[in-house]
Structure formats: C-alpha cells, structure tokens
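Proteins get letters first, then strands, A, B, ... in listed order; numbering begins at 1 in each. What you see is a predicted model; the values in this text were computed from it and never measured. Any value given below was found using the heavy atoms of this structure, including those in side chains, with hydrogens, waters and symmetry copies removed.
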Amino acid sequence: MLGPTASGKTEMAIRLAQHFAAEIVSVDSMQVYRGMDIGTAKPTVLERNGVVHHLIDVAEPTEEFTVARFRSLGRQILDETEAPALVITGGSGLHFRALVDPLSFAPTDPDLRGELEGRETGELAAELLGADPGAAALVDMANQRRLVRAVEIYQLTGETPSSRAASAAAEDVRRYVPEIGFEAVGVDPGSGLEARVDVRLREMREGGLVDEVRSLAPRMGRNARSAVGYREVLSALEDEISMDEAFERAAAGSKKLARKQRTWFQRDPRIRWIPWIDDPDHRLGRILETFD
RNA sequence: GCCGGGAUGCCCGAGCGGCCAAAGGGAGCAGACUGUAAAUCUGCCGGCUGACGCCUACGGAGGUUCGAAUCCUUCUCCCGGCA
C-alpha cells in the first residue's frame with residue numbers, strides 16, 4: 001500500500017495486516033532511524049496493535065542508511081519471513097522498488113566519491129562521455145550527484161551507464177517487471193491533504209517534536225538532518241529562524257514531499273489507485289475490494 | 001514638528017534613465033530518478049496567446065525626458081534620530 005505522506009496509509013496498513021494476519025514491511029527512508037518517531041509519523045507500539053513491523057528502527061540517526069542496505073535488509077526479511085502475508089507500505093518510491101524490483105546497486109567507495117565530489121562537473125562529464133558516448137541520454141549531466149555516482153561506478157567496476165542499462169535486469173526495471181509477486185494499491189491523498197498536513201504538524205508540535213529534535217540533534221547525521229520537519233526545527237534550534245517559521249516551512253516541505261511522492265508513484269503502472277474516502281471503515285472496504 | 005531611510009511581482013529581495021516583465025532566493029506548478037532519495041536535478045512561474053506579439057505592472061497623483069522602477073514635486077503609510 002503506497003501513497004504520499006498524510007494519506008492515512010499507516011492506519012490502513014495495520015488494519016489490512018490484521019485482516020490477513022500479515023506482518024508489515026515499511027518502505028520509508030526516514031522511519032528506519034531510531035528515535036525519529038514523532039516527525040516521521042512512525043506508528044507507536046500501541047498503534048501497531050500487535051502487528052509486527054519490519055524495517056523500522058533499523059539504523060542510528062548518526063548513520064547514513066542507504067537504499068542498497070535497505071534492499072539487502074528487506075530481501076532478507078522477504079526470504080526469511082514465516083508470516084502468511086506481508087503488507088508493504090510507505091511513501092519512499094525508490095525504496096519500494098529496491099525491495100520488489102531487480103535493482104542492483106553497484107559498489108561504492110567513500111574515498112573515491114569524496115575525491116570525485118571535489119571535481120568540476122564539466123570534467124566529470126567529459127570523463128564519463130569519453131568512456132561512454134551514450135551516457136548523456138542516461139545520466140542527467142546537470143545533476144552533479146548523479147554524475148559523480150556514474151563516474152564512481154565506472155572507476156570501480158568498469159561499467160558504464162550504457163552497459164548497465166543494457167542488462168536484462170535493467171530492462172525489467174524499466175518495464176516494471178518485478179522480482180517478487182505483489183498487488184499494489186495507491187491511496188490518493190485527496191483534496192484534504194493540505195489541511196491534514198497542517199493538523200498533523202500541529203499535533204506533532206504539541207506532541208513534543210521540538211524536544212525530540214533537540215535531544216536527537218547531537219546524534220543526527222547528514223541524512224537524518226534532511227528529513228522534513230527535522231531540518232526546519234533544527235534551524236530554529238540553531239536560532240536561524242523562529243519556531244513558528246520553522247513549522248510553516250515544514251508544512252510547505254510536507255506538501256512538496258507529497259507532490260514528489262505522487263509524481264514518483266503515478267508512473268508505476270502496477271499501482272491501482274483508490275480515491276480518498278473520509279470514513280476509515282469505508283476506505284478499508286474499498287482497499288479490500290481492490291485486492292479481490 | 002524637524003532631519004534622514006524606505007515602499008518592487010504570491011513572499012523575501014536586487015535594480016537606481018534605455019539592453020527591465022524587471023537579478024537572485026522562497027513558495028507554487030510540471031517532470032526526471034538504480035548505493036545521500038523526506039536527497040539531488042530539470043523546465044515553467046504578471047495577464048492574454050500555439051507562436052510572433054499585445055496589454056498591465058515597480059505605494060497614489062502629477063511632472064521632466066525621445067525614453068522613468070530608476071530624476072523632480074506632492075500625497076499616503078512604515079522605520080531610525082532629534083524635539
């Protein structure tokens with residue numbers, strides 16, 4: 001069950017899991033961090049209602065938890081679980097695909113990457129194009145991060161964007177042919193999204209988000225610090241902006257995030273979208289119908 | 001009351017006679033996406049238009065000029081100093 005933030009996925013997923021006696025696998029890039037609870041809208045133990053949740057709290061905020069690691073942990077869960085069914089739910093599109101699709105992540109090397117990051121974009125582009133004239137069609141040459149990664153992969157493995165794109169697995173990824181079987185439902189956030197984001201943020205603030213960020217701050221790495229809600233409150237705690245301003249920006253950030261998530265999921269042809277329905281029982285019924 | 005500073009597009013903010021529908025950022029909209037992905041990047045972003053183009057715009061009103069967001073006068077409102 002996929003969909004943007006504040007679309008009510010969490011509660012629906014838990015009810016769905018109970019219906020099928022299933023366990024939940026979260027595909028969320030930030031709920032993986034221990035201690036980042038309120039701001040990521042992580043379900044509490046109480047809310048989980050006895051349903052086992054995987055891929056939540058599997059990393060320290062100091063770490064830079066990567067999608068590759070997410071995939072390897074996730075596949076291990078899929079392989080080893082004894083649950084009769086799994087409900088995969090979340091809003092991180094790449095993480096979802098890393099879990100169900102044949103994505104294969106090339107190795108990485110922090111030193112090499114550090115070195116490449118210090119180089120001129122034009123130089124990187126020239127090196128890549130020298131090795132692979134077709135790279136321009138596959139790599140966004142304006143995106144330094146992508147360029148660095150492409151050159152990193154080339155230097156580490158000799159693989160070029162073209163050679164990687166030519167694999168059978170890459171073709172399956174492009175065609176959305178999964179590695180594991182699943183049924184996907186997308187929950188449309190509906191026109192009330194903005195209002196729900198505002199309400200949820202207010203609840204997070206009242207629920208102690210500021211204290212959570214304050215106590216977590218010394219332990220938050222680059223990744224964790226970039227989470228919506230956290231980065232804004234961090235700026236306020238560092239006196240760059242007021243706390244009210246921080247929450248206003250966080251609201252805009254959440255809406256933007258929801259947009260990006262929608263953009264990602266909307267082109268996945270495997271997802272069947274259900275319209276927003278206010279009543280949770282009715283909504284659950286609609287989701288179950290879709291699975292039938 | 002006097003002296004000085006300021007009012008710019010949804011917001012912040014540069015411009016200080018022509019190259020200005022007006023830098024830049026934010027927000028908004030659309031999109032990309034295989035080891036940072038809640039990241040990173042791309043396009044659009046006053047109105048009308050497919051486009052050429054036309055219209056409306058830089059607090060209000062006048063004026064100077066071939067030409068004004070930019071200069072002058074005056075009015076309104078903010079901010080700092082002196083009374």
Starting at the 5' end of RNA chain B, which residue's closest nucleotide do you reach first, A227(A) or R69(A)?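 In this pair, the answer is R69(A).
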On RNA chain B, compare the nucleotides closest to G229(A) and T66(A); which residue's is nearer the 5' end?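 Taking each residue's closest nucleotide, the earlier one in sequence belongs to T66(A).
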Using a cut-off of 4.0 Å on non-hydrogen atoms, how would the nucleic acid contact of [X] be classed: base, sugar-phosphate, or nothing?
X       : value
S254(A) : nothing
P107(A) : base
T5(A)   : nothing

Any side-chain donor-acceptor pair under 3.5 Å between D132(A) and Y154(A)?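 No, because no side-chain N or O of D132(A) sits under 3.5 Å from a partner of the opposite role on Y154(A).
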E127(A) side chain to Q155(A) side chain, donor-acceptor N/O pair below 3.5 angstrom: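 The answer is yes; a qualifying pair exists.
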Can you tell me the pairing partner of [N] across any strand shown, Watson-Crick or G-U wobble, with both distances under 3.5 angstrom?
N       : answer
rG31(B) : rC41(B)
rG1(B)  : rC82(B)
rU36(B) : none

Distance between the [atom1] atoms of [N] and [M], in whole angstroms?
N       : M       : atom1 : answer
rA69(B) : rG1(B)  : P     : 33 Å
rC78(B) : rG59(B) : C1'   : 11 Å
rA30(B) : rG17(B) : P     : 41 Å

Below 4.5 Å, heavy atoms only, C-beta onward: do R286(A) and P275(A) meet side chain to side chain?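 A side-chain contact under 4.5 Å exists here.
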R270(A): what forms a salt bridge (Lys or Arg N to Asp or Glu O under 4.0 Å) with it, not counting sequence neighbours?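 R270(A) satisfies salt bridge (Lys or Arg N to Asp or Glu O under 4.0 Å) with D101(A), D268(A) only.
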So which protein nitrogen or oxygen atoms get under 3.5 Å of nucleotides 9-14 of chain B's nitrogens or oxygens?
none

Taking donor-acceptor contacts at under 3.5 Å, does the side chain of N223(A) reach the base of rU36(B)?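 Absent.
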In Å, rounded to the nearest 0.5 Å, how long is the span from CD1 of I274(A) to CD of E289(A)?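 Reported value, rounded in 0.5 Å steps: 9.5 Å.
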Ring pair (Phe, Tyr, Trp, His ring centres under 6.0 Å) contacts in which one or both residues fall within residues 54-98 of chain A, not counting sequence neighbours: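 Residue pairs passing ring pair (Phe, Tyr, Trp, His ring centres under 6.0 Å), neighbours aside: F70(A)-H95(A), F96(A)-F182(A).
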[N] phosphate, OP1 or OP2: any side-chain N/O from [X] under 4.0 angstrom?
X       : N       : value
R225(A) : rA39(B) : no
Q266(A) : rG31(B) : yes
K255(A) : rG28(B) : no
R231(A) : rA39(B) : yes
K260(A) : rA39(B) : yes

Does the ring of W264(A) carry R259(A) above it, NZ/CZ under 6.0 angstrom from centre and within 45° of its axis?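 Not satisfied by the 6.0 Å and 45° rule.
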Which nucleotide, rA30(B), rC41(B), rA32(B), lies nearest any side-chain atom of A142(A)?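 Of the options given, the side chain of A142(A) lies nearest rC41(B).
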As a test of reading the structure: which of rU36(B), rA32(B), rC41(B) is closest to the side chain of R146(A), going by heavy atoms?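 The answer is rA32(B).
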Under a 4.5 Å side-chain heavy-atom rule over Ile, Leu, Val, Met, Phe, Trp and Tyr, are V52(A) and V25(A) clustered together?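 Looking at the clustering, V25(A) is in a separate group from V52(A).
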